[in-house]
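Position 1 is the first residue of the sequence; numbering continues from there. We count ligands from 1, going down the list as the structure has it; atoms in each ligand are counted the same way. In this text, all values refer to a predicted model and were calculated from it rather than measured experimentally.
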Amino acid sequence: MTDFAKTRALFHIPDGVVYMDGNSLGPLPVAATERVAKMLRDEWGDQLIRGWNSAGWYVQPRKVGDRVGKLIGAPEGTVVMGDTLSIKVFQALASALDLNPSRRVVLSDSGNFPSDLYMAQGLLGSLDRGYTLKVVEPEAVEAEIDETVAVLMLTEVDYRTGRLHDMQALTKKAHAAGALTIWDLAHSAGALPVDVTAANADFAVGCTYKYLNGGPGAPAFIYVAPRYAETARPALSGWMGHAAPFAFDLDYRPGHGIERMRCGTPPVIALTALDAALDAWDGVSMADVRKASIDLADLFIREVERRCPMLALASPRAGTSRGSQVSFRHEQGYAIMQALIGRGVIGDFRAPDAIRFGFTPLYLGEAEVLRAAAILDDIMANRLWDRPDYLSKAAVT
Ligand SMILES: Cc1ncc(COP(=O)(O)O)c(C=O)c1O
């Protein structure tokens, strides 16, 4: 059994805060502060450029990748860290299209994160080979998989509603139709059990600043199924993914296996913070996390529906059909969330009208969920959101 009291102590949550936004940015793991300070002092400070070898900076993207891989069912040597998730989406899609050269359709859904769709639009426009990006409703994806589809590109958990796709079933159907799959696990890794091997995914990508608590701007990951390890063309063919970066050849030759998905110089400081954050998963069972997160989310839904009938549930009601987040709709959603944040309950808002709450049992418990629901009730019952400073939108919502 996972000891959630123990994991709670690993995170810095400011006094008085109920943190329900781990689905956007995980909180600071206490150990990361000293780990990064030590890295700055002992490695950057004292070892200087020698740190690439002596402190292992060069191999860090693979080593940390293997740690992330354990959380998503990826074998060693199939995950590498680096860049942002948007970049990794681009890279995975370019590689997947290359592996399926006779097809011209990329199938995705309207629940995909916009940046994934934007990156696809940018890539397909640059390739200029007559590709179409077909974006359908999440419920329609399965029926739209046919022999025209080159790549099925989906985010497993819908960022707005938490709706969960069946990764295994959709991958199976895509493969039967001759398509490859790319799964964005941004809202899955660290949130629920993921098994890219069992699902037979071809590519998977994700970020590490949400449920993996790597900090703002923490590097992304990319997984390539072992069957494509030596044939996937990385497209973003940077020198760190070259077979021999320090030979400084004038022509690109892809590195061995997942190494080829590296691009440029890795963000060593950010990887160090992430490496420290990943220690929180030692002794944690993802099945326990899933069960606790569903219980917390169910409790919150029950309490909010009982207390605040004016808020409409925007997430699937069945816990097993959701990721680790719950959204409610209200036309004043933005102001309501600002009022909540003013009272120490931190979630976020997604346009046009959704207030979103993440349920992360590593540091969130039942008492906090009940407190959040009671504060939301007070805000709704007394229109405490109706203040000019809550109604005016900031740049980041
Ligand atoms: C599902 C999903 N995909 C892609 C992105 C974009 O990630 P990045 O800003 O790291 O490129 C996000 C960001 O939150 C996301 O939630």
Side-chain angles (χ1 to χ4, degrees), residues 20-27 61 64-65 68 71-72 79-94 96 106 108-123 133 135 138 141 151-165 167 170 181-192 194 196 201 203-223 235-236 261 263-264 266-267 270-271 273-274 277 314-315 322-327 346-351 354 356-360 395-397:
M20 301 176 78
D21 212 6
N23 50 302
S24 254
L25 175 70
V64 177
V68 171
L71 301 173
I72 61 163
V79 174
V80 75
M81 311 303 300
D83 314 304
T84 66
L85 176 48
S86 302
I87 299 287
K88 275 358 214 179
V89 167
F90 184 100
Q91 197 179 26
L93 183 56
V106 176
S108 191
D109 73 0
S110 55
N112 206 342
F113 193 75
S115 197
D116 295 32
L117 302 176
Y118 304 159
M119 295 311 281
Q121 288 160 10
L123 172 63
L133 173 63
V135 179
V141 167
V151 177
L152 175 65
M153 183 185 83
L154 294 171
T155 294
E156 189 189 19
V157 177
D158 188 316
Y159 75 101
R160 306 158 307 171
T161 63
R163 182 189 186 281
L164 183 65
H165 273 305
M167 181 158 131
L170 290 174
T181 55
I182 299 172
W183 287 97
D184 181 336
L185 303 176
H187 299 267
S188 310
L192 60 149
V194 179
V196 290
F203 292 84
V205 291
C207 62
T208 58
Y209 42 76
K210 300 182 192 291
Y211 296 94
L212 299 180
N213 313 304
F221 65 85
I222 184 166
Y223 160 82
L236 295 174
M261 293 297 172
C263 207
L271 279 165
L274 173 61
S315 301
R322 292 190 306 258
S324 196
Q325 66 189 55
V326 165
S327 301
I346 303 183
D348 60 22
F349 169 79
R350 286 295 173 262
R356 214 170 51 149
F357 303 88
F359 297 87
T360 43
V396 176
T397 64

Those protein residues which place at least one heavy atom below 4.0 Å from ligand 1: Thr84, Leu85, Ser86, Phe113, Asp116, Thr155, Asp184, Ala186, His187, Tyr209, Lys210
Expected output: side-chain Ser108 to main-chain Leu154 donor-acceptor under 3.5 Å: no
Sidechain-backbone polar pair: Lys88 side chain, Tyr223 backbone, donor-acceptor under 3.5 Å: no
Closest heavy-atom pair and its distance - Ala96, Val151: CB-CG2, 3.6 Å
Sole candidate of Val135, Val205, Val89 that passes side chain to side chain contact (heavy atoms under 4.5 Å, CB included) when paired with Met153: Val89
pair Pro219-Thr208: side-chain heavy atoms closer than 4.5 Å: yes
Under 3.5 Å donor-acceptor, Asn23 side chain and Gly358 backbone: yes
